[in-house]
Trainee: 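Once you've had a glance at the structure underneath, I'll fire off some questions.
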There are 4 protein chains.
Amino acid sequence: MSIQTAPDKRSRILEAATTVFANTGFHASRVQDIAEQAGVAKGTIYLYFRNKEEILLSIFQSYFDALLDLIDSFQQAQMTAEQIIDALVQQQVKNAIVNPKILQLLGRRPLPAETAGGGRIEAYHRHVLDRLSSFLAEGIRLGQVRSFTPRIGANILYSIILSIPQHLAFYPEDSLERSFPKLVEEVACFAWAGVRKEES
Amino acid sequence: MSIQTAPDKRSRILEAATTVFANTGFHASRVQDIAEQAGVAKGTIYLYFRNKEEILLSIFQSYFDALLDLIDSFQQAQMTAEQIIDALVQQQVKNAIVNPKILQLLGRRPLPAETAGGGRIEAYHRHVLDRLSSFLAEGIRLGQVRSFTPRIGANILYSIILSIPQHLAFYPEDSLERSFPKLVEEVACFAWAGVRKEES
Amino acid sequence: MSIQTAPDKRSRILEAATTVFANTGFHASRVQDIAEQAGVAKGTIYLYFRNKEEILLSIFQSYFDALLDLIDSFQQAQMTAEQIIDALVQQQVKNAIVNPKILQLLGRRPLPAETAGGGRIEAYHRHVLDRLSSFLAEGIRLGQVRSFTPRIGANILYSIILSIPQHLAFYPEDSLERSFPKLVEEVACFAWAGVRKEES
Amino acid sequence: MSIQTAPDKRSRILEAATTVFANTGFHASRVQDIAEQAGVAKGTIYLYFRNKEEILLSIFQSYFDALLDLIDSFQQAQMTAEQIIDALVQQQVKNAIVNPKILQLLGRRPLPAETAGGGRIEAYHRHVLDRLSSFLAEGIRLGQVRSFTPRIGANILYSIILSIPQHLAFYPEDSLERSFPKLVEEVACFAWAGVRKEES
DNA sequence: AATGAATGAGCTTTCATTCAT
DNA sequence: CATGAATGAAAGCTCATTCAT
């Protein structure tokens with residue numbers, strides 16, 4: 001029926017949900033809205049997701065899976081802490097420009113009490129923080145990184161990464177293509193400056 | 001009725017709402033819960049607040065009013081950028097330990113579209129960012145601060161500040177009194193390192 | 001506001017629900033119907049009952065409470081088995097004429113699997129059966145009643161009682177006032193004949 | 001696909017539905033459940049039945065057809081009222097032990113208003129009652145049966161029959177094989193005692 | 001004939017808000 | 001001022017039924 005590429009319905013729903021959630025926020029989004037955006041009936045959504053929350057969790061999951069894969073690739077490539085920071089920032093800026101909505105949605109760490117998905121989102125964040133902590137600890141060991149508490153540094157680094165989409169939402173002028181390298185460079189520079197070992 | 005000091009009812013409700021919101025999140029909190037926590041009847045709340053959202057906005061307002069006052073005091077005291085960062089971090093860590101719940105609640109920047117209060121929260125964040133930008137611009141002018149785009153630096157700085165309560169939620173062990181100075185020192189050091197002008 | 005007697009709202013809802021359930025059956029009755037019948041808003045119902053099922057259970061409860069009270073009174077009055085049967089039949093016919101709808105509703109024993117209210121209805125029936133069994137056992141001991149398994153006799157007796165409203169639903173002509181004594185007499189006679197000890 | 005005898009699909013569905021309905025009750029049973037139990041696809045069911053209700057009606061129909069056939073056989077065999085009662089009770093006890101679930105399902109007379117199948121079930125019950133009435137009237141004419149209103153006696157007799165599965169559900173110990181003759185004997189005796197003409 | 005993905009009407013229930021007392 | 005019973009809009013979710021394959 002559709003001449004367009006017809007990606008599987010589950011993806012269509014996820015895409016639609018991302019748009020709707022990002023535009024309206026999770027709570028204000030009605031399942032009906034997602035259905036309309038996806039061009040399917042309300043009931044169809046429940047063939048692919050147990051409930052509204054599962055849709056949100058799926059979105060988070062894809063994002064975090066990609067992020068954790070990226071981080072794993074750092075490890076395999078034996079990148080230095082500085083390279084890692086550069087790569088993370090670059091990736092995040094890129095994502096934030098391509099998918100501003102979803103990144104804004106994802107950047108919000110949940111309240112501990114809003115145990116969305118029984119704490120699954122919190123668990124994802126914790127994974128990322130753990131990996132970042134490891135990198136920093138390794139960097140300290142190798143003398144690339146200033147000596148500080150890794151988990152504190154990791155949290156700050158992570159916040160900086162997550163703030164990028166927020167920044168672009170506040171200052172849309174920085175989303176322009178020509179601003180891209182400058183933004184990446186400045187953010188990465190800031191982050192690295194906070195981390196690196198002073199050269200004596 | 002109460003022999004105790006009876007702070008005006010509005011404050012009681014605000015305090016109660018802060019507790020309830022922080023424990024359960026805004027959407028999952030029922031007005032009835034707030035009323036019970038405050039020891040008033042549900043209807044009474046509507047004598048002091050137009051609706052549930054207004055309560056949240058009032059909480060935000062107090063927080064931001066205090067924060068902006070604090071920032072104003074920096075200006076009056078003609079503090080250097082480094083001192084400002086120190087003071088901000090110290091204040092935030094202090095608050096986060098005293099009122100962990102509310103700070104976590106407040107630290108979440110809204111989605112642009114969740115026009116809570118018609119964008120009033122966004123406006124508050126923008127105020128803070130503007131002031132921080134000014135400080136950084138001034139610092140650049142004075143040669144204390146590395147030369148970068150102030151609004152970018154301000155956003156990063158602000159994210160770092162806002163991440164503190166999240167950090168403490170993830171790592172409760174850092175909330176202990178004896179961890180306090182170390183946490184302040186490390187965060188401030190990180191932030192300042194990202195900002196300061198390299199000594200040639 | 002209302003000039004009529006204003007029985008407490010809970011009762012109004014129960015009465016309305018009885019009518020609606022009896023007319024339409026439990027499953028086909030919408031809460032909205034009950035609300036309309038009771039002249040209250042849908043939400044009001046949930047101030048008095050946890051959910052739709054609780055309404056049904058309340059109806060059952062009142063009926064069974066009255067029935068069990070009646071049965072208790074038999075015991076206190078030291079009535080003979082024959083008198084008890086007479087009284088039960090008479091009461092049931094009376095009720096079935098006054099409240100045909102509710103009695104038809106109540107006469108349906110639930111499927112074991114439809115554990116409405118977690119088996120509370122089944123428990124009520126069991127109570128009644130237990131009492132009837134006791135009476136029969138006592139009657140056997142006293143030589144008034146033929147010697148048979150009390151629980152079997154009790155079940156039959158109970159079925160006869162419960163069949164009365166069904167009978168009147170099938171044969172409305174027997175609901176006429178003048179038919180009343182005849183119906184009572186015939187049913188009681190049948191039941192007693194099945195129970196009594198043959199005079200040798 | 002199946003090597004086993006493949007009884008026609010319609011029967012398979014009916015059997016499955018009987019199981020499912022009996023286990024869960026009509027309303028709580030999903031068409032999907034029936035399909036799974038029958039090992040067919042949901043859509044297939046609609047090739048054989050107009051809708052879910054039609055399945056239930058078919059089940060009732062088979063039961064009543066058999067019952068009415070049985071009753072017809074009484075007439076042809078010129079059985080006395082006592083023999084008829086004996087036979088009915090015996091058949092019902094037998095059925096109730098073999099198919100306890102379905103009999104419990106069937107034993108529930110519908111609310112007049114639950115016009116299941118537009119009153120078709122009610123019509124079946126009415127058929128049975130009419131036949132029983134005839135037998136009793138004939139028995140009265142022949143002097144075997146006490147003189148009473150046939151339709152009243154028929155209703156009571158029918159209730160007794162229908163109560164048997166309920167009894168067995170309440171007292172599973174009476175379903176044991178060795179209890180069988182006693183149960184039949186006691187129920188039939190009770191019923192016959194209510195009916196028979198007193199010997200002067 | 002058989003399938004099962006898709007549909008959407010319709011249900012129960014919640015809870016912010018109102019207002020008569 | 002304070003109350004809390006009453007309201008009813010609104011939303012998530014189910015499942016009987018359809019129909020393209």
Side-chain angles (χ1 to χ4, degrees), chain A residues 1 8-10 12-13 26-36 38-55, chain B residues 1 8-10 13 26-36 38-55, chain C residues 1 8-10 12-13 26-36 38-55, chain D residues 1 8-10 12-13 26-36 38-56:
Chain A
M1 190 65 75
D8 73 312
K9 209 154 280 188
R10 200 187 130 92
R12 282 232 318 270
I13 294 169
F26 177 75
H27 283 102
S29 301
R30 300 180 299 101
V31 172
Q32 176 67 47
D33 298 334
I34 299 170
E36 275 162 23
V40 300
K42 212 183 349 165
T44 305
I45 288 181
Y46 289 90
L47 295 178
Y48 295 92
F49 301 93
R50 211 196 318 271
N51 53 38
K52 193 175 130 182
E53 193 180 38
E54 278 295 317
I55 306 176
Chain B
M1 190 68 72
D8 71 312
K9 215 158 273 190
R10 191 172 190 280
I13 293 169
F26 176 74
H27 283 101
S29 300
R30 283 137 68 267
V31 171
Q32 175 67 45
D33 298 333
I34 299 170
E36 272 163 25
V40 301
K42 218 184 338 172
T44 306
I45 288 180
Y46 288 85
L47 298 176
Y48 296 93
F49 301 92
R50 209 195 323 269
N51 54 36
K52 191 175 141 187
E53 193 180 39
E54 277 296 317
I55 306 177
Chain C
M1 190 66 73
D8 72 311
K9 209 154 281 190
R10 200 187 129 92
R12 280 225 326 264
I13 293 169
F26 177 75
H27 284 101
S29 301
R30 300 180 299 103
V31 172
Q32 175 67 47
D33 298 334
I34 300 170
E36 274 163 22
V40 301
K42 216 181 345 168
T44 305
I45 288 180
Y46 289 88
L47 295 178
Y48 296 92
F49 301 92
R50 210 196 320 269
N51 53 38
K52 193 174 129 182
E53 193 180 39
E54 277 296 316
I55 306 177
Chain D
M1 191 67 73
D8 72 311
K9 215 158 272 190
R10 191 171 191 280
R12 284 234 314 273
I13 293 169
F26 176 75
H27 284 101
S29 301
R30 282 137 70 265
V31 171
Q32 175 66 46
D33 298 334
I34 299 170
E36 272 163 24
V40 300
K42 216 183 341 171
T44 306
I45 289 181
Y46 288 86
L47 297 177
Y48 296 92
F49 300 92
R50 207 198 322 270
N51 53 36
K52 189 175 143 188
E53 192 179 39
E54 277 296 316
I55 307 176
L56 184 66

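Note on naming: letters A, B, ... go to the chains in the order of the sequence lines (proteins, then strands), and numbering restarts at 1 for each one.
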Trainee: How close do B/Ala35 and B/Ala41 get, counting heavy atoms only, and between which atoms?
Mentor: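 In terms of heavy atoms, the two residues are closest at CB-C, 4.0 Å.
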
Trainee: How would nucleotides 13-18 of chain E be written as a contact map, 5' to 3', with B for base contact, S for sugar-phosphate-only contact and - for no contact, using protein heavy atoms under 4.0 Å?
Mentor: BBSSBB

Trainee: If every non-hydrogen atom of B/Asn51 is compared with every non-hydrogen atom of B/Tyr46, which pair is closest and at what distance?
Mentor: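 The pair with the smallest heavy-atom distance is CA-CE2, 4.0 Å.
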
Trainee: Can you measure B/Arg10 atom CZ to F/dC1 atom C1' for me and round it to whole angstrom units?
Mentor: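 That distance rounds to 16 Å.
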
Trainee: Specify the separation, in whole Å, of atom CD1 of C/Ile34 and atom C1' of F/dA6.
Mentor: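 Checked: the CD1 to C1' distance equals 17 Å.
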
Trainee: Taking all heavy atoms of C/His27 and all of C/Lys52, pick out the closest pair and write down the distance.
Mentor: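 Residues C/His27 and C/Lys52, closest heavy atoms: O-NZ, 3.7 Å.
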
Trainee: Any strand counts, and the cut-off is 3.5 Å on both contacts for Watson-Crick or G-U wobble. Which nucleotide pairs with F/dG8?
Mentor: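 Paired with F/dG8, as far as the under-3.5 Å criterion goes, is E/dC15.
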
Trainee: Determine the minimum heavy-atom distance between C/Ile13 and C/Thr44, stating which atoms define it.
Mentor: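 Looking at all heavy atoms of both residues, the closest pair is CD1-O, 4.4 Å.
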
Trainee: Rounded to the nearest angstrom, tell me the gap between atom CG in B/Asp8 and atom P in F/dA2.
Mentor: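 Computing the B/Asp8:CG to F/dA2:P distance gives 10 Å.
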
Trainee: Using only side-chain N and O atoms of A/Tyr48, determine if any of them is under 4.0 Å from OP1 or OP2 of E/dA5.
Mentor: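 Negative; the distance criterion is not met.
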
Trainee: If we call it a pair only when both distances are under 3.5 Å in a Watson-Crick or G-U wobble match, what pairs with E/dT21?
Mentor: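 Because both required distances fall under 3.5 Å, E/dT21 counts as paired with F/dA2.
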
Trainee: CD of C/Glu54 versus P of E/dT12: gap in Å, rounded?
Mentor: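 Going from CD in C/Glu54 over to P in E/dT12 covers 15 Å.
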
Trainee: More 5' along DNA chain F: B/Ile45 or C/Val40, using each one's nearest nucleotide?
Mentor: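 Nearer the 5' end of the strand: B/Ile45.
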
Trainee: Return the pairing partner of E/dG10 with a 3.5 Å limit on both distances, Watson-Crick or G-U wobble; otherwise return none.
Mentor: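 When the pairing criteria are applied, F/dC13 turns out to be the nucleotide that pairs with E/dG10.
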
Trainee: Rounded to the Å, how far apart are A/Asp33 CG and F/dA10 P?
Mentor: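 Those two atoms, CG and P, are 13 Å apart.
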
Trainee: Measuring from B/Ile45:CD1 to B/Arg50:CZ, what's the distance to the nearest 0.5 Å?
Mentor: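 Those atoms lie 15.5 Å apart.
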
Trainee: Working to the nearest 0.5 Å, report the span between NZ of B/Lys42 and CZ of B/Arg30.
Mentor: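 Going from NZ on B/Lys42 over to CZ on B/Arg30, the span is 8.5 Å.
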
Trainee: Does the side chain of A/Tyr48 come within less than 4.5 Å of A/Glu54's, by heavy atoms?
Mentor: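 SC-SC contact between A/Glu54 and A/Tyr48 ruled out.
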
Trainee: Could you state the atom-to-atom distance from CD of B/Glu36 to P of F/dG4 in whole Å?
Mentor: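 In whole Å, F/dG4 P lies 11 Å from B/Glu36 CD.
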
